[in-house]
Amino acid sequence: MKKYLPWIFLAIFAAEALVALRPRTETGLHIREFGKLPVLLNGRVQPLDSVARNSLLQVRSTQTVPLEEKKAWEFWKHPKKLTATAWLMEVMMRPDLADERRIFLIHHPDLLSELKLESKGVENSGLHYFSFNELEPALDEIQKQGQRVSEIESELRKPFEKQVIKLHSGLILYRRLKNSLRPETSEDFTKELEAFRQAVPSGVAAVKAQAAGKDYDKEAFDRIVDYLGPYDMMARFAYPLIVPPSHASDSHDHWSNAGVSLMDTARTGELHPAMKYYAAMANAYRVGNPSDFNSAVEEYRSWLSQRFVAELNKGKREFYYSSFQPFYRAMLIYLVAFLLGCASWFNWSEALRRSAFYLVVLAGVIHTAGLVSRMLLEGRPPVTNLYSSALFIGWGAVILGLILERFYHDGIGTVVASFIGFITQIIAHNLALGGDTMEMLRAVLDTNFWLATHVVVITLGYASTFFAGFLAILYIIRGIFTRTLQPPTAKALTRMVYGIVCFATLFSFVGTILGGIWADQSWGRFWGWDPKENGALIIVLWNVIILHARWGGLVRERGLMNMAVFGNIVTSFSWFGVNMLGIGLHSYGFMDAAFYWLMLFVASQLLIIFLGLLPSRFWASFKGTSNALTPGASSLKPGIVRKPDSASVGA
Amino acid sequence: MVNRIVSFFTSLRLTVVCLSLALLLVFIGTLAQVDQGLYVAQNRYFRSLLIYWSPKGADWRIPILPGGYLLGGILLINLVAAHIKRFTFTKKKIGIFLIHAGLILLLLGQFATDLFQVETHMRLSEGESKNYSESDRLNELVLIDSASADHDQVVAFPETALREGKQIRHPQIPFTLQVKRYYPNSRLSRRAPMVDTDLPPATQGAGQQLKVQPAAVTAKMDERNVPSAVVEILTPQGSLGTWLVSGFLDELQSLKYDNKTYQVGLRLARYYKPFYIELIKFSHDKYLGTDIPKNFSSRIQLRRPETGENREVLIYMNNPLRYWGETYYQASFDPNDPRVTVLQVVRNPSWLTPYLSCALVALGLIVQFLSHLVSFARKSPGKAIPGKGPAKGPIRKSAKGRGVEEAAVPVGPGEVASFPAGSKRRTL
């Protein structure tokens, strides 16, 4: 049994992933097919599914809408929920239903009382969710507050004000979505569009005549104006650009939103085919006729396939990517692997250690597949923003861990890999709450060469510095609290930390210099003491200090460990801290909730360093051995072990 | 004594201390940018010998940290001295040697950059042509004698010459400038006829209709100090009156003396070139439906009369023009005028050094770490089975090994030999 345990674990998780990948046939409404339809948003073609997910993330901070609430610990309950696409369909086609969904997240108690919402909504784990209808009486107040706060610089906003802004922009986004396909008050949209098209010639003539001061057909004039009012509003507010370029000669980027397309109809008298298909979908959806809906989607797809094959495929591929959720899946497997790996040290079970190792390999494969899909979807190197840097740091650490595990077979590489993998996925998950994670790159960053070299190398530098730091944490925790840090393990850990610090030095130095060269290429300054540059420099300096302190005999095993843990602080400052300074040329991410987490992390690392500094009699692993044997060797006088020429023996 | 000095400057301890201070300095210098702005913080922390601290309002100060120049200098001495003292050219140390040679080059190169680099900008509207670039923050007081038909005689004084009460003279100018007022940062506004009853700032030129309001000196990245000054023109025959010169005034003001007309003004310092750059077209695209800039580019015509050179160049993001020892970058644009481009112009004689030093260091690091990796991989207990005792564990080999372990871990005498038997079972 023991022999097969690792394979059983692997089989279970691999099977789960494969099941998620299997092709599915939908009964009833083809929601997934609708979700794959390509639209243009944020400057890039993406499926409606991505529009739905990112909007929902911005408003509700989740990717689905649960239809009944459950407590976080009631994991056996699986309440019904709307997928993001299903929710978007309601918003665009049945806004009356969508207005009942509790999607607006408020958690600031002052805001709840200010808006008199205490008795409304649902509460789950301290978070309150409200529907649009529940917020309706407070809309004026939200609007007023939102206006007020938007004039305050974003860095100076208090938590209450941030919440106001988030709610305000969530409401705006929601209203834009409601008017993205049809005016929200429209009934039979197909009929309406046909009537509109017929009203155009006489209506336009009447409008022209009126403008020229001649006699005009009052009835035709009023009719067309009645149509154009809502369409003009849509032209200004509709969110995704759902209508593809109409002429073969147009650039493929030339998408427009439904309103703009309808205003075009007023000029040309022609309805864009996409509008007809979307109207048919909306009508079928409203009357609850799945087969009509499905055939409208199918017909639209085949119409698109005449000229927009690339866009259709992009939509399909991104849909599969997001619905597979590779990083979320990998995160769960890393967690299980981490627990198994830790457990393996307590009963020295080789089976558990192997199980953990296999699972990290599996998670690593899924993680890699996710990264590669992202790269293919974006046509970019792996790291383009803060979100993807978290994914990539995790990936780099996992690869390092797997390599170490191959060499040492002691579970250390696996545990650290799975831990960093897990943590970075959580960070990435939280960074994704800001919306689209595949946003277009601003002009100065738009160079695959430098993204592929500087950014990748420097991110690997972060990954390896973190890796060394977490190895050191393992050393301290195991040494103090358990008796498992026996000299061979301690020695092995020391060599690992040392080796990884060397790697970290290589990557962070080369990465930093490459960054300087990029800066020299793009704005003529190799080094400008920009916060992001300084952050990178600090990492290089710290790694170099560790190495020289080691070579000079200034620190030994425990000193090395404590320094490596401090490397975590340095790296987290460089990765996140400098973005919070709010200045500098490359601040590619600004987030404030993260500040408290960063401080918490720094505090935890300081605590660990404090533990690491405790004299060896407090270390469970060093008790009962004579002082001369403790890896910290606190009793060894420097003179005894000092190398004759410490500098020359260095690396 | 000499020995002690030598061993001080060659010690690794000094390296570690300096590097630690450098880290601290960079950290503090980065945080300081939030309040002081990049430029001020940079000068105070990185381009200085010592960093001083003084309590609020006090007129004394004490040095608290070595500045960038001092630390860089000591590290440089340390590096060079250590290499001279211990230099033996062996295969094993070739990596170390390359790394440090690269670092020396980098430090020297950056120091040279700091001393010699000149950063200016050129702001061009479509169709406009210029043969000079302007400083980003330095201003100059200019007096132009346009008497000659084919060229202007420009005399420029740096802004630092503008101190209240000071007199400015130059052999090519037949009169003296007396600085009456100087505002490092200021705003100008038009005088309201009924409200502003006090005397205008100047008796001559544009200043008669204007009002100067001093402003606080700013250190923000996206703001600029706009100085103004009131100068009196003193001739041997007496005063010609006072003029208000200001960075706000686009036009120079003229003054007549001895049948000659001079132009006077305060403007961004200009750097003239032997060629002209004309902006043909500036393009600035955004991604559809967003405010994210997709690309900027400036199509320019480069004309150099003395060589007859005349060609078209496209300057765009990450693709600058290198010419006449200067580099022209697509830097910015005017949010209010889509036809205006701003090119960053950089003269940096040592721009190549980082490229060379990067290559040297990277090569050195790769050589060094590869050789370690090989010995690391060779020594590591590849097929060791956990729980089977220390015989196959890492400890035996590593303690007797070579390379990393020997160099890096000072091993206590007898450490390995005296393992208690009890630890066997727990060996990983």
Side-chain angles (χ1 to χ4, degrees), chain A residues 40-43 241 253 348 350 407 409-410 440 442-444 447 486-489 491-492 494-495 498-499 502 506 509-510 513 516-517 520-524 526-527 529 531 534 537-538 541-542 544-545 548-554 556 581 583 628 633 636 641 643 646-651, chain B residues 12-13 15-16 19-20 22-23 26-27 30 33-34 38 42 46 82 86 96 110 221 287-290 292-296 317-318 327 329 331 344 346 351 354-355 358 361-362 365 368-369 372 376 380 384 386-387 390 393-395 398 404-405 407-410 412 415 419 423 426-428:
Chain A
L40 195 135
L41 185 66
N42 287 334
L241 313 186
D253 284 341
W348 306 108
E350 170 65 5
F407 279 128
H409 301 277
D410 55 7
M440 303 308 284
R442 40 193 62 250
V444 66
T447 140
Q486 292 306 308
T489 311
K491 282 270 172 290
T494 309
R495 287 191 358 164
Y498 175 79
C502 288
L506 171 70
F509 181 82
V510 173
I513 299 282
I517 291 177
D520 186 60
Q521 289 286 328
S522 61
W523 53 78
F526 172 74
W527 196 261
W529 301 105
N534 292 352
L537 176 63
I538 288 178
L541 283 174
W542 186 247
V544 170
I545 291 171
H548 285 82
R550 188 78 178 127
W551 295 329
L554 302 178
R556 297 205 195 79
L581 295 179
I583 44 172
L636 289 176
V641 291
K643 290 282 158 186
S646 46
S648 65
V649 277
Chain B
L12 259 179
R13 205 173 278 263
T15 316
V16 171
L19 287 173
S20 306
L23 186 133
V26 174
F27 181 69
T30 309
Q33 293 180 16
V34 177
L38 185 62
Q42 195 175 326
F46 308 129
R86 310 207 183 88
I96 290 284
Q110 284 308 292
M221 284 280 283
Y287 291 103
L288 191 66
T290 69
I292 305 175
K294 189 175 181 184
N295 59 52
F296 308 101
M317 278 286 163
N318 296 320
T327 316
Y329 301 88
Q344 167 110 327
V346 179
W351 71 275
Y355 292 76
C358 175
V361 175
L365 284 169
Q368 201 60 27
F369 292 147
H372 279 313
F376 176 77
S380 63
I395 191 66
S398 64
V404 185
E405 210 52 37
V409 187
E415 189 174 328
F419 269 130
S423 69
R426 299 226 143 177
T427 306
L428 279 173

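Chain identifiers are assigned alphabetically (A, B, ...) following the order of the sequence lines, protein sequences preceding nucleic acid strands; residue numbering begins at 1 within each chain.
Both the backbone and the side chain of A:L506 come within less than 4.5 Å of a heavy atom in chain B. Using a 4.5 Å cut-off between heavy atoms, A:I538 touches chain B through backbone and side chain atoms alike. If you measure heavy-atom distances from B:A331 to chain A, you find no contacts under 4.5 Å at all. Neither the backbone nor the side chain of B:T327 has a heavy atom closer than 4.5 Å to any heavy atom of chain A. Interface residue A:I517: backbone and side-chain heavy atoms are both found under 4.5 Å from chain B.
Between A:D520 and B:Y355, the shortest heavy-atom distance links the atoms OD2-OH, 2.9 Å. Across all non-hydrogen atoms, the minimal contact from A:V510 to B:A362 is CG2-CB, 4.0 Å. Scanning all heavy atoms of the two residues, the minimum distance from A:I513 to B:C358 falls at CG2-CB, 3.0 Å.
Taking B:F27 as the reference, A:F573 meet the ring pair (Phe, Tyr, Trp, His ring centres under 6.0 Å) condition, with sequence neighbours excluded. In this structure B:Q344 satisfies the side chain to side chain donor-acceptor pair (under 3.5 Å) test together with B:E119, sequence neighbours excluded.
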Worksheet entry | Test log, rule side chain to side chain contact (heavy atoms under 4.5 Å, CB included), inputs A:W551 and B:T15 | CA-CA 11 Å; A:W551 295 329; B:T15 316; over 6 Å; no
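No other option in A:W542, A:F509, A:W529 has as many heavy-atom pairs under 4.5 Å with chain B as A:W529.
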